[in-house]
Participant: 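If you scroll down you'll find the structure; I have some questions about it.
Letters go in sequence order (proteins before strands), and every chain restarts at 1.
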Amino acid sequence: MSPTCGELRGGDAGAAVTLMGWAFRRRDHGGLIFVDLRDREGVTQCVFNPATGAEAHAAAGRVRGEYVLAVRGTVQARPPGTANPQLPTGEIEVAVGEVRILNESKPLPFHLEEGVEVDEAVRLRYRYLDLRRPRLLRNFLLRDRVYQAVRASLHAAGFVEVETPFLTRSTPEGARDFLVPSRLARGHFYALPQSPQLFKQILMVAGLERYFQIVRCFRDEDLRRDRQPEFTQIDIETAFLDRDDFLPIVEGMIVEVFQAVRGIALPRPFPRLGWDEARARYGSDKPDLRFGLELADCSDLFRDAAFEVFAQAVHAGGVVKALRVPGAGGLSRRDLDGLVEEAKGSGARGMVWVRLAEGGPQASVALFRGDSALTRELAARLGAQPGDLLLLVADAFPLAAEVLGRLRAGLAARLGLIPADLFRPCWVLDFPLLEWSEEEKRWQAMHHPFTAPRDEDVELLWSEPGRVRAKAYDLVLNGQEIGGGSIRIHERRLQQRMFEVLGIGETEARAKFGFLLEALEYGAPPHGGIALGLDRLVAILAGTDSIRDVIAFPKTQKGTCPLTEAPAPVSPAQLAELGLRVEAEEE
RNA sequence: GGGGUCGUGGUGCAGCCUGGUUAGCACACUGGACUGUCAAUCCAGAGGCCGCGGGUUCAAGUCCCGUCGACCCCGCCA
């Protein structure tokens with residue numbers, strides 16, 4: 001019998017077994033030697049007793065951390081009182097009769113034990129060792145189950161997995177492309193796809209009807225904790241489905257993934273919030289629904305109030321947004337000053353705080369102190385209790401809401417209001433189709449130029465483009481955007497108008513994605529889809545906040561790989577073959 | 001492009017504010033002891049140009065300037 005190091009139990013006592021794995025820890029008692037043998041599945045204690053295996057015992061004396069071993073022996077129940085309840089295999093041990101040292105190991109550059117924070121540059125340089133650490137290994141076993149669950153769910157729903165090219169052409173707008181020079185067409189470049197967007201739409205024209213792909217995407221932008229230059233999407237596109245038929249399919253897949261991977265039953269349907277509603281209530285277009293702390297609008301209270309700053313803001317078309325933080329009245333003056341600084345850091349001109357203390361309200365502005373009518377009205381509006389903290393920001397709507405939205409998220413974390421292991425997905429709908437670019441003085445597609453307007457807003461595209469809402473949707477989970485998509489334009493007339501509004505001329509459009517436009521003229525069905533960030537989804541499921549922990553070989557924040565030392569210079573011969581010359585960097 | 005935190009034996013940290021003997025601790029490592037440990041224990045030992053460069057000073061791990069790297073954030077990411 002050749003079990004893994006994670007599966008032997010009390011009932012296996014007496015079995016002859018062969019185990020292979022790494023020597024995790026060794027405890028040498030001179031007479032007895034214990035070695036914890038580790039593989040992917042777990043750890044099993046092996047006992048080397050000179051009385052029953054003199055040669056093996058001698059060999060075990062030479063074993064060091066991470067030596068690779070094959071041991072042959074007998075499973076035995078541990079002597080009474082020596083079982084280890086911490087280990088799944090803790091009832092038994094393997095009495096080793098024979099051991100082969102399959103390989104030795106140098107002392108490691110860092111500890112594999114849990115709970116020791118090692119500099120990430122070191123971890124990445126020795127990623128193969130980092131990946132041996134149970135915490136990281138667990139993430140990849142989980143990620144594997146996510147792949148399986150996604151494929152099973154989508155196949156069951158009639159989806160077909162199709163691959164699309166990595167070597168493709170650069171398309172305008174969106175993120176910066178990674179370019180690949182062509183040897184055969186000198187001076188021409190492929191671009192690595194930011195997503196298979198155009199191809200998946202073309203697959204709909206091709207009649208695939210339901211397509212998906214777990215696919216790598218590339219964006220040459222600056223990195224973050226949740227952004228890598230190459231990342232993985234679950235890319236989906238369907239024909240003949242409008243938004244309300246499509247979203248439940250995606251929802252079903254997410255529910256099945258959570259069930260299969262974590263045994264968690266997410267309640268369906270996922271709540272749906274309008275884009276305006278999400279920002280008004282949560283101060284974010286990716287609201288975290290794991291806790292309350294909803295924002296309130298108090299503009300009307302201040303329209304004619306004696307507090308000039310707020311009254312003026314309201315008269316200028318702005319709003320007064322308020323956040324009630326239950327039980328946070330105990331925050332120190334210093335904490336509150338810190339919050340005001342944070343608010344200013346987010347762009348607010350200022351923030352008023354009110355502490356509903358026992359001896360009467362205290363506030364950063366005199367008008368709210370003591371038993372003022374204004375404070376009473378405000379407290380009533382917000383349902384505030386003694387001991388609560390109220391934060392108020394007056395400004396233009398999006399800014400005031402965003403400022404408090406950030407504080408809301410920060411305070412929830414600091415005050416411990418976010419339950420562990422809670423998952424609250426929601427849909428955010430009805431995004432604007434377009435947003436005005438102050439820099440370029442033109443409309444830009446908020447999602448992409450192929451996103452369809454909502455049916456009832458189509459005519460506005462000719463009169464008031466800024467008011468057109470899109471058939472676009474984001475899937476948000478615990479305050480993180482994990483996916484976004486839209487129903488696409490499949491009619492030539494609408495697409496034409498869209499390009500006009502975006503200031504993309506017929507010639508330019510033809511030049512840049514003529515192949516898609518042409519395809520749309522040959523019986524394109526109504527279609528739409530979504531792209532889900534697999535790395536972010538897996539990170540959330542794994543309970544880590546960095547996607548680097550769920551990517552086997554991630555890049556550093558400067559886009560380098562300490563393991564391979566990529567990117568690296570190439571030989572002059574390689575450059576010459578491509579017709580490229582590298583210019584010296586300017587000072 | 002901008003802001004912040006950090007950089008000290010292999011790893012994690014202290015020392016830096018307030019410059020001054022031999023740079024300290026834990027783990028890992030090496031040798032020894034030990035037949036019921038599981039973070040084994042006990043004894044002994046080795047291992048450092050304090051990221052790099054420059055400056056101030058009688059004297060710099062410590063103060064100043066620059067630079068490199070890691071991380072976090074803003075910009076950016078349709």
Side-chain angles (χ1 to χ4, degrees), chain A residues 24-38 43-52 57 61 64-66 76 78-87 89-90 93 95 105-126 129-130 171-177 194-195 197-198 217-229 231 342 345-347 406 410 431-435 437 439-440 443-451 470 472 474 481 484-486 498 502 504 531 533 545-546 548 554-560 562:
Chain A
F24 193 39
R25 261 190 289 266
R26 189 179 70 110
R27 293 175 293 280
D28 187 343
H29 288 241
L32 281 183
I33 298 176
F34 299 94
V35 171
D36 292 335
L37 200 65
R38 186 199 73 243
V43 167
T44 298
Q45 174 167 286
C46 302
V47 198
F48 296 80
N49 191 328
T52 52
H57 178 265
R64 295 293 180 270
E66 298 305 299
Q76 60 188 27
R78 295 198 189 183
T82 64
N84 184 350
Q86 315 268 344
L87 277 182
T89 60
E93 62 196 4
S105 171
K106 298 206 292 188
L108 301 192
F110 55 85
H111 301 277
L112 299 190
E113 273 82 10
E114 303 270 303
V116 182
E117 283 299 319
V118 181
D119 186 80
E120 228 177 324
V122 179
R123 288 174 49 199
L124 291 179
R125 169 150 179 236
Y126 301 98
L129 299 179
D130 197 24
T171 50
E173 305 204 54
R176 195 176 293 115
D177 286 319
Q194 298 174 24
S195 82
Q197 182 60 37
L198 304 181
C217 302
F218 307 85
R219 293 179 189 176
D220 188 7
E221 297 292 347
D222 286 355
L223 280 61
R224 285 286 188 285
R225 177 164 53 159
D226 61 350
R227 279 174 10 201
Q228 283 273 306
F231 60 99
E342 274 181 61
S346 306
R406 283 189 198 189
F431 286 80
L433 184 68
L434 302 159
E435 59 189 339
S437 167
E439 270 172 50
E440 301 183 42
W443 291 106
Q444 287 187 320
M446 192 149 174
H447 188 51
H448 59 58
F450 312 106
T451 299
D474 274 0
E481 180 194 332
S486 63
M498 188 68 179
L502 294 174
I504 300 175
D545 59 1
S546 169
R548 291 190 299 270
K555 306 279 190 289
T556 67
Q557 198 165 43
K558 290 228 170 79
T560 65

Participant: Measure from the ring centre of A/Phe110 to the centre of the six-membered ring in the base of B/U11, then say whether that distance is under 5.5 Å and the planes meet at under 30°.
Facilitator: no
Participant: Whole angstroms only, please: what is the CD-C1' distance between A/Glu120 and B/U11?
Facilitator: 15 Å
Participant: Go ahead and name the base partner of B/A44; Watson-Crick or wobble counts if both distances stay under 3.5 Å, otherwise write none.
Facilitator: B/U30
Participant: Within the 4.0 Å heavy-atom criterion, would you say A/Pro109 contacts the bases, only the backbone, or no part of the nucleic acid?
Facilitator: sugar-phosphate
Participant: Need one value for A/Gln444: base, sugar-phosphate or nothing, where a base atom within 4.0 Å counts as base even if backbone is also close, heavy atoms only.
Facilitator: nothing
Participant: Determine which nucleotide pairs with B/C76, using a 3.5 Å limit on both distances of a Watson-Crick or G-U wobble pair.
Facilitator: none
Participant: Could you measure between the two P atoms, the one in B/U62 and the one in B/C42, and give it in whole Å?
Facilitator: 36 Å
Participant: Hey, are the side chains of A/Trp443 and A/Leu433 touching, using non-hydrogen atoms and a 4.5 Å cut-off?
Facilitator: no
Participant: In this structure, how many angstroms lie between the P atom of B/G36 and the CG atom of A/Leu32, rounded?
Facilitator: 7 Å
Participant: Please measure how far the P atom in B/G19 lies from the corresponding atom in B/U8, and state the result in whole Å.
Facilitator: 23 Å
Participant: Answer yes or no: is there a side-chain heavy-atom contact under 4.5 Å between A/Glu66 and A/Arg38?
Facilitator: yes
Participant: How many Å lie between CD on A/Gln557 and P on B/G4, as a whole number?
Facilitator: 15 Å
Participant: List the residues meeting salt bridge (Lys or Arg N to Asp or Glu O under 4.0 Å) with A/Asp28, not counting sequence neighbours, and say none if there are none.
Facilitator: A/Arg26
Participant: Quick check: on RNA chain B, is the nucleotide nearest A/Gln86 upstream (toward 5') of the one nearest A/Asp119, or the reverse? Name the residue that is more 5'.
Facilitator: A/Asp119
Participant: Report the nucleotide, chosen from B/A78, B/A70, B/U35, that has the shortest atom-to-atom distance to any side-chain atom of A/Asn49.
Facilitator: B/U35
Participant: Report yes if a side-chain nitrogen or oxygen of A/Arg224 is closer than 4.0 Å to either non-bridging phosphate oxygen (OP1 or OP2) of B/C74; otherwise report no.
Facilitator: yes
Participant: For the pair made of CG in A/Asp226 and C1' in B/C74, what is the distance, rounded to whole Å?
Facilitator: 14 Å
Participant: Counting only Watson-Crick pairs (N1-N3 plus N6-O4 or O6-N4) and G-U wobbles (N1-O2, O6-N3), all under 3.5 Å, who is the partner of B/U5?
Facilitator: B/A70
Participant: When you compare B/A44 with B/G4, how far apart are their P atoms, in angstrom units rounded to a whole number?
Facilitator: 48 Å
Participant: Has A/Thr556 got a side-chain N or O lying under 4.0 Å from the OP1 or OP2 atom of B/A70?
Facilitator: yes
Participant: Tell whether A/Arg227 reaches the base of B/C76 with its side chain through a donor-acceptor pair below 3.5 angstrom.
Facilitator: yes
Participant: Could you tell me which nucleotide pairs with B/G19 by Watson-Crick or G-U wobble geometry, both distances under 3.5 Å, or answer none if nothing does?
Facilitator: none
Participant: Taking CG from A/Asp130 and C1' from B/A70, how many angstroms apart are they, rounded to a whole number?
Facilitator: 14 Å
Participant: Write down the atom of A/Gln197, the atom of A/His448, and the distance for their closest heavy-atom approach.
Facilitator: NE2-NE2, 3.1 Å
Participant: Looking at every strand, decide which applies to A/Gln45 at a 4.0 Å heavy-atom threshold: base, sugar-phosphate, or nothing.
Facilitator: base
Participant: Of the nucleotides B/C34, B/C38, B/A70, which one has an atom closest to the side chain of A/Arg27?
Facilitator: B/C38
Participant: For atom P, what is the distance between B/G54 and B/C17, given to the nearest Å?
Facilitator: 22 Å
Participant: Expressed as a whole number of angstroms, how long is the span from A/Phe218:CZ to B/C77:C1'?
Facilitator: 16 Å
Participant: State whether A/Arg26 places a side-chain N or O below 4.0 Å from either non-bridging phosphate oxygen (OP1 or OP2) of B/U37.
Facilitator: no
Participant: Sticking with atom C1', work out how far B/C16 lies from B/C73, rounded to a whole angstrom.
Facilitator: 26 Å
Participant: Can you confirm whether A/Arg227 is buried at CZ, in the sense that more than 12 heavy atoms of other residues, nucleotides or ligands lie under 6.0 Å from that atom?
Facilitator: yes
Participant: Side-chain N or O of A/Arg25 less than 4.0 angstrom from OP1 or OP2 on B/A40?
Facilitator: yes
Participant: Determine: side-chain N/O of A/Arg225 to OP1/OP2 of B/C73, distance under 4.0 Å, yes or no.
Facilitator: yes
Participant: Distances for protein N/O vs nucleotides 27-29 of chain B N/O pairs under 3.5 angstrom?
Facilitator:
residue	atom	partner	partner atom	Å
B/C27	O2	A/His111	NE2	3.1

Participant: Are the charged groups of A/Arg123 and A/Glu117 less than 4.0 angstrom apart, N to O?
Facilitator: no
Participant: Do A/Ser195 and A/Arg219 have side chains that get closer than 4.5 Å, going by heavy atoms?
Facilitator: yes
Participant: Hey, does A/Leu108 have a side-chain heavy atom less than 4.5 Å from the side chain of A/Tyr126?
Facilitator: no
Participant: Would you indicate which nucleotide in B/A70, B/C77, B/G36 comes nearest to any side-chain atom of A/Lys558?
Facilitator: B/A70
Participant: Consider the side chain of A/His448, meaning its heavy atoms from C-beta on, and name the nucleotide among B/U35, B/C38, B/A78 that approaches it most closely.
Facilitator: B/A78
Participant: Between B/A59 and B/U21, how far apart are the P atoms? Round to whole Å, please.
Facilitator: 15 Å
Participant: Using the P atom as the point on both nucleotides, what is the distance between B/G48 and B/G3, in whole Å?
Facilitator: 38 Å
Participant: What's the closest nucleotide to the side chain of A/Gln197 if the choices are B/G12, B/U37, B/A78?
Facilitator: B/A78
Participant: Judged by each residue's nearest nucleotide on RNA chain B, which is more toward the 5′ side, A/Arg548 or A/Pro449?
Facilitator: A/Arg548
Participant: Counting the atoms with a prime plus P, OP1 and OP2 as sugar-phosphate, which does A/Ala531 contact under 4.0 Å by heavy atoms, base, sugar-phosphate, or nothing?
Facilitator: nothing
Participant: Between B/G36 and A/Glu93, counting only base atoms on the nucleotide and side-chain atoms on the residue, is there a donor-acceptor pair under 3.5 Å?
Facilitator: yes
Participant: Hey, are the side chains of A/Arg176 and A/Pro229 touching, using non-hydrogen atoms and a 4.5 Å cut-off?
Facilitator: no
Participant: Once you round it to whole Å, what is the distance between P of B/A70 and CG of A/Asp222?
Facilitator: 13 Å
Participant: Can you tell me, in whole Å, how much space there is between the C1' of B/C58 and that of B/U11?
Facilitator: 38 Å
Participant: For a 4.5 angstrom cut-off between non-hydrogen side-chain atoms, does A/Leu434 reach A/Leu502?
Facilitator: yes
Participant: Starting at NE2 of A/His57 and ending at C1' of B/U35, how long is that distance when rounded to a whole Å?
Facilitator: 8 Å
Participant: Counting Watson-Crick and G-U wobble pairs only, both distances under 3.5 Å, name the nucleotide matched with B/C63, or none.
Facilitator: B/G55
Participant: So A/Thr560, base contact, sugar-phosphate only, or nothing? Heavy-atom distance under 4.0 Å.
Facilitator: sugar-phosphate
Participant: Say whether, by atom type as modelled, one donor and one acceptor occur between the side chain of A/Thr89 and the main chain of A/Val43 under 3.5 angstrom.
Facilitator: yes
Participant: Could you let me know what B/C13 is paired to, Watson-Crick or G-U wobble, both distances under 3.5 Å, or none if it's on its own?
Facilitator: B/G24
Participant: Sort out the partner of B/G36 for me: Watson-Crick or G-U wobble, both distances under 3.5 Å, none otherwise.
Facilitator: none
